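Chain letters run A, B, ... following the sequence lines, proteins first and then strands; every chain starts at 1. Every value quoted in this text rests on a predicted model; they were computed, and no experiment measured them. For the numbers below, each heavy atom of this structure counts, side chains included, while hydrogens, waters and symmetry mates do not.
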Number of protein chains: 4
Amino acid sequence: MAERRRGAVRSESARRAILGATARLFAQAGYDHLAMERIAAEAGVGKQTIYRWWPSKGELVAECLLEGMLLPQRFALIDTGDIRADLVDWIQRLFDILGEPGGEGLMRSLIAAATENADVGRRLRESLGGTSSVTVRLASAVASSQLRADAPLQEMGEALIGAVLVRALSRVPVAEGDAARLVDAVLGNSVGAS
Amino acid sequence: MAERRRGAVRSESARRAILGATARLFAQAGYDHLAMERIAAEAGVGKQTIYRWWPSKGELVAECLLEGMLLPQRFALIDTGDIRADLVDWIQRLFDILGEPGGEGLMRSLIAAATENADVGRRLRESLGGTSSVTVRLASAVASSQLRADAPLQEMGEALIGAVLVRALSRVPVAEGDAARLVDAVLGNSVGAS
Amino acid sequence: MAERRRGAVRSESARRAILGATARLFAQAGYDHLAMERIAAEAGVGKQTIYRWWPSKGELVAECLLEGMLLPQRFALIDTGDIRADLVDWIQRLFDILGEPGGEGLMRSLIAAATENADVGRRLRESLGGTSSVTVRLASAVASSQLRADAPLQEMGEALIGAVLVRALSRVPVAEGDAARLVDAVLGNSVGAS
Amino acid sequence: MAERRRGAVRSESARRAILGATARLFAQAGYDHLAMERIAAEAGVGKQTIYRWWPSKGELVAECLLEGMLLPQRFALIDTGDIRADLVDWIQRLFDILGEPGGEGLMRSLIAAATENADVGRRLRESLGGTSSVTVRLASAVASSQLRADAPLQEMGEALIGAVLVRALSRVPVAEGDAARLVDAVLGNSVGAS
DNA sequence: GACTAATCGAGACGGTACGTCTTGTCTTCGT
DNA sequence: ACGAAGACAAGACGTACCGTCTCGATTAGTC
């Protein structure tokens, strides 16, 4: 028989208000100037209600990320059959965020969150279209013989996402054609003639 | 006529004590638990002496980084003539740090510092052997025809360093052979036969 | 005809558990560190069950006091025929409490409760043998001509109890003979020759 | 040689602002609804500045009491040569406070503070004209043969003040002539004819 | 027996206040 | 004039309780 629960049940409306407030304030202030006290006030909620369900600011942000409330768009890799075009399109969308006003700060805030919280770190990769999504797309390219069978798919995905992070951290502005060059670097037509 | 300076000159011993205390406490506590008050106490210095010369915690950490006090080793790329071997060696040294106890935390703390402070962001790349160093090595490889002349050198460097950052952020442990696989991915022998 | 009630009736076991927990925690922590939440937990009872029957912490403590669960002994004034001896005996018993370990804290906690809650204030006097009891005894002394007919009985009682409270509040330790001196002061053999 | 201190010195203006805010809020809200957070806000002061100098709310209130900021008047015993008249006048002034609107609450709040803090307890007696003042006056009466040489002066003072506290705690309103009756009780013309 | 209430335990909720910690500025004094 | 020491206003931190409300389960009468 199932264990019977007693007492009031978790309020879904409080949960949504908290996540909403977190997303809103995260976009405004970034991760480290995100104050639990402000979240509680903005959400019209007692602080304890936050701490009851999330052990830390990191976990809270991680859940927002998981729910897609922090990043403006989804970064899924589309499969048009052309692996290079698909990757360039994907990286370009990521670079576009960095170009938008506040976009670079948003990305850096997410990275800051990832440094503090393991969950955010893991989920950040996924939210950026990260590994699973890239690996699947690359595997599909292997199947259609666009890539060699022994291509290090995971490392390729990490290198692509990582390059985006480096751009965000080093504040180097993105230029026309950077996305294509990056994809070319990783896809390997940089190899000398054999 | 030149304005003559008056009064005591900046104390070099105070400067070194502050940087030393910063490096020591950074290693112990990481970037966000690094408190200016603690640094001042540890250095035996008034807080104002810190704020007089560095505008923020970020700048202070950036200067430590620049002086090589935060990272255990230098990450220069060595030129043995074999570009693949040199890159694998370099990446492996970076991965090794992640494997050491506290090493992953150190790297994440540096990333956290980079998210807050532009100087740290720029210098972090350089400290990891970043762009200049890599680009020079890659250019040398172009010269010896190991790489094509139109290879996107900067993007390749960013992809390699970025992949290391992604590993640090996502807490995925580094396995045997990962460094080689990563270098292969970026060097491009994953391309299908044309 | 009276409206007939339906549904469950008040649980006597819950009531006793609550009063018991209150008395226990009161002795441990004193009035202001007495938490309703702790009482409920200690009693194995829902908080609402307390609030259903007692409007406040004060009322709860007042009921404990009334049931004699907070003070170790009863402080009735005994009538042996000798008014001075009886009063000295009574005051001495009160002073004895202050001398016991934790006794002074207990008395101060009761005073604290009295400052917050009118019921406790009134009942505290009674619990200490207060006015009714003293007045009755003094009236008996009047009857036996040990006191003048116009003696201000109520004020004498208040002065005696009050002196005990002052000792508790001011933390002045009780010395041998203090009880007798106090009674003598109030009974009036301090008057100069007329 | 004396130890030399360095660094900024305590701000007198902050100290006065804090004591002033405490006195104001104490009068409004009483001891237990007196919030450190409010005091800091009202005084325009950081909370830490309060905690730096006073370990607790009790100590803070004790200092206010000592500075005479909590009680409306001084309760010194005047020496007109007539001990009975002087005591009646003194007690009447104390009873008058209880009669004023909010006065009873003020007195109870002081008692509450005294239950929590030893300093307040001691100083409360003194502020009410307590022992020293009373004892001196009584000793003067002994000198002028209005009281017997062996009169228990301290106990008489405690009994008088205590009676006032009992009135405050038990919420019994003060009536015309109560002060005189109380003084008579303690001065001892209640003794039967010898 | 079914229905209807009231009570129970548990515990989530919006809040207030706590006492600590850190930030960056300001002040004082010793060198 | 500079440096150490350290006080200051501000405000976030995470914890403890407050008193209310909500949940199912249980317990008594009434029908």
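- Two residues, Pro55(D) and Val45(C), neighbour DNA chain E, and the one matched to the more 5' nucleotide by heavy-atom proximity is Val45(C).
- Nucleic acid contact for Leu34(B): sugar-phosphate only, since backbone atoms but no base atoms lie under 4.0 Å from a heavy atom of the residue.
- At the phosphate of dC2(F), neither OP1 nor OP2 sits under 4.0 Å from any side-chain N or O atom of Arg52(B).
- The CG atom of Asp119(C) sits 12.0 Å away from the CG atom of Leu60(C) when rounded to the nearest 0.5 Å.
- Distance Asp32(B) CG to dC13(F) P: 13 Å, rounded to the nearest Å.
- Ion pair Glu67(C)/Arg15(C) flagged as a salt bridge, since at least one NZ, NE, NH1 or NH2 atom sits closer than 4.0 Å to an Asp/Glu carboxylate oxygen.
- In this model, the phosphate group of dA4(F) is approached by a side-chain N or O of Thr49(B) to a distance below 4.0 Å at OP1 or OP2.
- In this entry the distance linking CD of Glu12(C) with C1' of dA28(F) reads 17 Å, nearest Å.
- To the nearest angstrom, C1' of dT15(F) lies 12 Å from CD of Glu37(A).
- For the pair Tyr51(A) OH and dA17(E) C1', the computed distance is 15 Å after rounding to whole Å.
- Stacking of Arg10(D) on the aromatic ring of Trp54(D) is recorded, both the 6.0 Å distance cut-off and the 45° axial limit being met.
- Judged by distance alone, with hydrogens and angles left aside, Gln48(B) brings a side-chain donor or acceptor within reach of the base of dC26(E), the pair sitting under 3.5 Å.
- Between dC8(F) and Trp53(D), a contact under 4.0 Å exists linking OP1 or OP2 to a side-chain N or O.
- To the nearest 0.5 angstrom, Met36(A) atom CE is 7.0 Å from Ser56(A) atom OG.
- Residue side chain Lys47(B) reaches the base of dG24(E) through a donor-acceptor N/O pair under 3.5 Å, judged by distance alone.
- Neither OP1 nor OP2 of dG29(F) sits under 4.0 Å from any side-chain N or O of Arg6(C).
- Summary of the strand contacts: Ala8(C) and Ser56(C) both lie near DNA chain F, and taking for each the nucleotide with the nearest heavy atom, the more 5' one is attributed to Ser56(C).
- Atom-to-atom, NE2 of His33(A) to P of dC13(F) comes out at 12 Å; the value is rounded to the nearest Å.
- Arg171(D) and Glu104(D) are not joined by a salt bridge, as no carboxylate oxygen comes within less than 4.0 angstrom of a charged side-chain nitrogen.
- Atoms CH2 (Trp54(D)) and P (dG19(E)) sit 15 Å apart, rounded to a whole Å.
- Distance Met36(A) CE to dT20(E) P: 22 Å, rounded to the nearest Å.
- Ranked by how close their nearest DNA chain F nucleotide is to the 5' end, Val9(C) and Gly44(D) are led by Gly44(D).
- As rounded to whole Å, 17 Å separates atom P of dT20(E) from atom CZ of Arg38(B).
- For Ser11(A), the listed nucleotide lying nearest its side chain is dC13(E); candidates were dC17(F), dC13(E), dC13(F).
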